[in-house]
Every structure is written in C-alpha cells, then in structure tokens.
Amino acid sequence: MSTPNFSPYVPIPDGAFLRQCIHCGLCLSTCPTYALTAREISSPRGRIRMMKNVAEGTMPLTETFMHEMFFCLDCRACETACPAGVQYGALVEAARAQVEHARALQTGESSQLKKFILRQIFTKPARLRFLARLLRFYQWSGLEKLALWLRLPRIFGKKMMALAPMAPRIEAKFTFARLPEKISPRQGKVRHRVALLVGCVQDVAFASVNEDTAAVLAANGCEVIVPRHQACCGSLHGHTGDAEDAKMLARKIIELFEAVEVDAIIVNAAGCGSFMKAYHHLFADDPALHRRAENFAAKVKDLSEYLVEIGFKQPPQTLSDCATYHDACHLVHGQKVARQPREVVRAVAGANYVELNEASWCCGSAGIYNLTHFETSMQLLERKMKNIVATGAKMVVTGNPGCAIQLQHGCRQFGVSIEVVHPATLLRRAYERMGGI
Ligand code: SF4
Ligand code: SF4
C-alpha cells in the first residue's frame, strides 16, 4: 500500500494490519471511548478506517484524525477482542508519530506540555530524580497542603488545580539507594539469574515495589542483578508518538542489559514490559539492531508471569479481608498476561479473592492520558471505582504504577479506604509472615 498522506520520515501505520480489519465491529463493545461517545470515529473500527483513508490519499491528515488518535487510550482492548488479529497498538502508535510529525511541521512544535515532560525530564534520569526530590520536599514539608488550601495551582489554570492532588507520592529513597547491584537468595542455592528494570516513575514513586520485587525473586531462588545507570525504557515516548526518543532510550536499555548474562529481564510495570517485549519493531529498518532487540525482547517477563513460570513458593493464605485485582491494559491486552497475577493474588488471598467486574476495562490512567484528557480519564476512573467498591474489597492489586496512582486518586475522591497494592508487595508481606525471606 502506498501512503500518500503519511510522511515517510516517521513510522507509518502498517498497510498489512490496516487491510486485516474486516470491519466486523466485534471490538466496539470493548472500546472505552466508543462506550463514552457512541461515535464510529471514536471506535477502533472508525480509527482504522481513517488511517486507511489517509494512507490511500482519500482523506487528508485532519484535525479530527489528530484528535482521535490521541483521544484513543491505546488500551488495546480492541486487540484482544479482534478475531482478525489486527495489531491495533502498533497502528495507533505509528499514527500518533505521524500526528506529532504533522503538528511539528505546521507549528514548529509538538505539544509543549508533552514535549517538556517527555523530552526534558524522562530522557534524563538525573534530572528526573532531582525534580522528584524537589517534589518530595514540597509534599512532606507542608508546602503542598498549604498550596492546595490556598488553591495556588489555580494560577496555572483550572486543570492544574484538578491535577495537583494526583501527583504520585515520592519515596524517601530511590531504588539504587535501596538495592545493591546484586542480590542473592538468603537461603538455598541460586536456581535462576535475572536482571531487574527499575523504571522511571517506578523508581521515584514506587522504589519500595522494586525492593519487594527483588526480595520476592530472591525468595524464589533468583540471583537478581540491578544494572546501574538505567534510564526510562521509552514506553511513554513510544506510546505517545515520539518514535525518535523511544528508539534512543530503547537502544540504551538494550546495551545496558546485554552486558549481563541472565535468564530473564524482570519488569514490574505493565506499560514498560509491553513496550520492551516489542522493542524489535522499533528497529525494523536496522537488521543488526533488530536481531539484538529480538533477543532482548524474548527475555522480558512480567514479574507475575515469571513467578508462575518458575513455580513460585506458595505463601500462607494470610488476608482476612477481601482483595480484588485490576488488570493493567498493557499487561492483559498488551502482554496477554491475565492468569498469572491472579494466581499470585489467590495464593495469598485464598477464598477472600473476589473477581472485579470489568477488571480489564481501562481505569483512565493510560500513560499520560490523565494529564492530556483529564475529564475523560476521570469518567473512566469513576466507572472503575464503582466496580471496585461493589466488590467490598479492602485491597485492590494491580501491576502498573500508572494504574496505582490513578486508583489511589480514585480512592481519595470516593472517600473509600481501599489499599492499592502491587503483586510483589502482597507476596513479600505474605512471605514475611512465613518467618522471613
Ligand atoms: S486502544 Fe482502547 S480506546 Fe483505543 S480504539 Fe482500542 S479499545 Fe478503543
Ligand atoms: S474486531 Fe478487528 S476486524 Fe473487526 S472491526 Fe474491530 S479491528 Fe476490525
């Protein structure tokens, strides 16, 4: 398929995937933006039709097209539902790269806020950690309370006032201050050797989850390598159409992890894992790097996926209250990992596990969607919170930092006391009750 209205200088939605769509509509009922709007153009089928029209030159790259590619959550629920195997995630991410390219040509700039956050902060780990420390000081010194009480974020607009309370709580110590470069099992011999991705948001806001992940792996006979100098894996950039920075960051991660001999690369953040498992698609035009990226991607495992694969040590069933599980989109739809995290939660919760209605429906976090599409994100969060509250659970388990931040905000908004926990933390607590790990 020639692609008249797409630029050849950035990724192009794959013609073979576009032709695969048979317009059956089976994906429509799974699409959160279609459910909200009931408009065909806000559905997967409608968006694919638009991409095809632009590729064939029968439609220019309009404002409507640009809006729809980013109104989409990239949750990939449509991909799970599609009987024809359309790789919707790859399509929309290429379409977003086209939109960003077109916007830059039209105005000289892509979205300012996005550019600042992704390019100036998330490509530079030292800068991210410095800003995180400032944010922690603001949060713990009382300045945040005062600023919110005085409604100061309003100076930057109504949206900032709504977003301010959503800022993730920054931890006192980041991952490298908590974990040595190598962690060995306390008991028994080494049965597996793995490397751990520390992430970017995960590193500053959920460093304790990284610590729990390493502890749980070590308790299961793994020697855990934590390579230093890790930057962002590029998923935030790739998912939002910044193909160049995504490639640059992916290349750095590949080089860093190639230097260690391991059986698996463990990721405890769904969005990162999903992106890293597809690194090779970024380097389709570079055969040598494509092969290296394929080898790398084959080793990437979500934590729960790996624990089940190696037959994790069964903990005592210790939860006295009900617990439920929320599927992160990029784990259930992006990586097709749904059974394994439930096995982990059930191992601890036993009969107190309760399945969540619409567990795989997006919570509205979706990368930086809650920053760029705040109102829609909050509508989705409300739907999710109603389902969570209906379970009667006192704990909701989820394997993605973005979902955790969103659900914690939802709990505050709904005034409910429900703890949001990562599977690693749940399992570590249970192991500790067994008498230490
Ligand atoms: S990725 Fe999600 S929001 Fe986007 S079209 Fe598919 S189901 Fe709808
Ligand atoms: S389910 Fe698949 S083939 Fe059917 S309309 Fe949706 S994307 Fe196209």
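Order of appearance sets the numbers: ligands from 1, and atoms from 1 within every ligand.
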The atoms of ligand 2 lying under 4.0 Å from a heavy atom of C82, numbered in the order shown, are 1 (S), 2 (Fe), 3 (S), 7 (S)
Could you identify the single nearest non-hydrogen protein atom to atom 3 (S) of ligand 1 and state the distance to 0.1 Å? L73 N, 3.4 Å
Contact partition for L28 relative to ligand 2, non-hydrogen atoms under 4.0 Å: neither
Which residue holds the protein heavy atom closest to atom 5 (S) of ligand 2, what is that atom called, and what is the gap in Å? G25 N, 3.3 Å
Show me which atoms of ligand 2 lie under 4.0 Å from any heavy atom of P83. 1 (S)
Numbering the atoms of ligand 1 from 1, which are under 4.0 Å from a heavy atom of R47? 4 (Fe), 5 (S), 8 (Fe)
Backbone N/O of C362 and side chain of K384: donor-acceptor pair under 3.5 Å: no
Pull out every atom of ligand 1 sitting under 4.0 Å from any heavy atom of P44, numbered as shown with elements. 5 (S)
Atoms of ligand 1 less than 4.0 Å from T33 heavy atoms? 3 (S), 8 (Fe)
For C72, the atoms of ligand 1 under 4.0 Å from one of its heavy atoms are 1 (S), 3 (S), 4 (Fe), 5 (S)
Quick check: does any side chain N or O of H333 sit under 3.5 Å from a backbone N or O of S360, one acting as donor and the other as acceptor? yes
Ignoring hydrogens and angles, state whether a donor on the side chain of N268 or Y306 is under 3.5 Å from an acceptor on the partner side chain. no
Indicate whether the side chain of E68 and that of S42 have a donor and an acceptor atom separated by less than 3.5 Å. yes
Flag the pair H239 / H330 as yes when their ring centroid distance falls below 6.0 Å, and as no otherwise. yes
Note: ligand 2 atoms sitting under 4.0 Å from heavy atoms of I48 are 7 (S)
Distance under 6.0 Å and angle within 45° of the ring axis: does R129 meet both against F174? no
Whether T391 side chain and I388 backbone form a donor-acceptor pair below 3.5 Å: yes
Residue-level breakdown please: for Y88 versus ligand 1, do any non-hydrogen atoms fall below 4.0 Å on the side chain, on the backbone, on both, or on neither? side chain
Is a donor on one side and an acceptor on the other found under 3.5 Å between the side chain of R45 and the backbone of H23? yes
Between D286 and R251, does the side-chain contact (heavy atoms from CB on, under 4.5 Å) criterion hold? Intermediate values first, please. CA-CA 12 Å; D286 181 339; R251 183 193 286 263; 4.3 Å; yes
To which protein heavy atom is atom 2 (Fe) of ligand 1 closest, and what is the distance rounded to 0.1 Å? C75 SG, 2.3 Å
Just to confirm my output: which protein heavy-atom neighbour is closest to atom 6 (Fe) of ligand 1, and how far is it? C78 SG, 2.4 Å
Regarding R49 and S43, is there a side-chain donor-to-acceptor distance under 3.5 Å anywhere? no
Within the stated cut-off of 2.8 Å, is an N/O/S atom of C31 closer than that to atom 8 (Fe) of ligand 1? yes
Numbered atoms of ligand 1 (with element) below 4.0 Å of D74, judged on heavy atoms: 1 (S), 4 (Fe)
Here the atoms of ligand 1 under 4.0 Å from any heavy atom belonging to R76 are 1 (S), 2 (Fe)
A side-chain contact here means heavy atoms from C-beta on lying under 4.5 Å apart; do L179 and L196 qualify? yes
Would you say the side chains of Q406 and S377 form a donor-acceptor pair under 3.5 Å? yes
H23 heavy atoms, cut-off 4.0 Å: which ligand 2 atoms fall inside? 5 (S), 8 (Fe)
Side chain, backbone, both or neither: which part of C24 has a heavy atom under 4.0 Å from ligand 2? both
Look at atom 8 (Fe) of ligand 2 and say which protein heavy atom is nearest, naming residue and atom and giving the distance to 0.1 Å. C21 SG, 2.4 Å
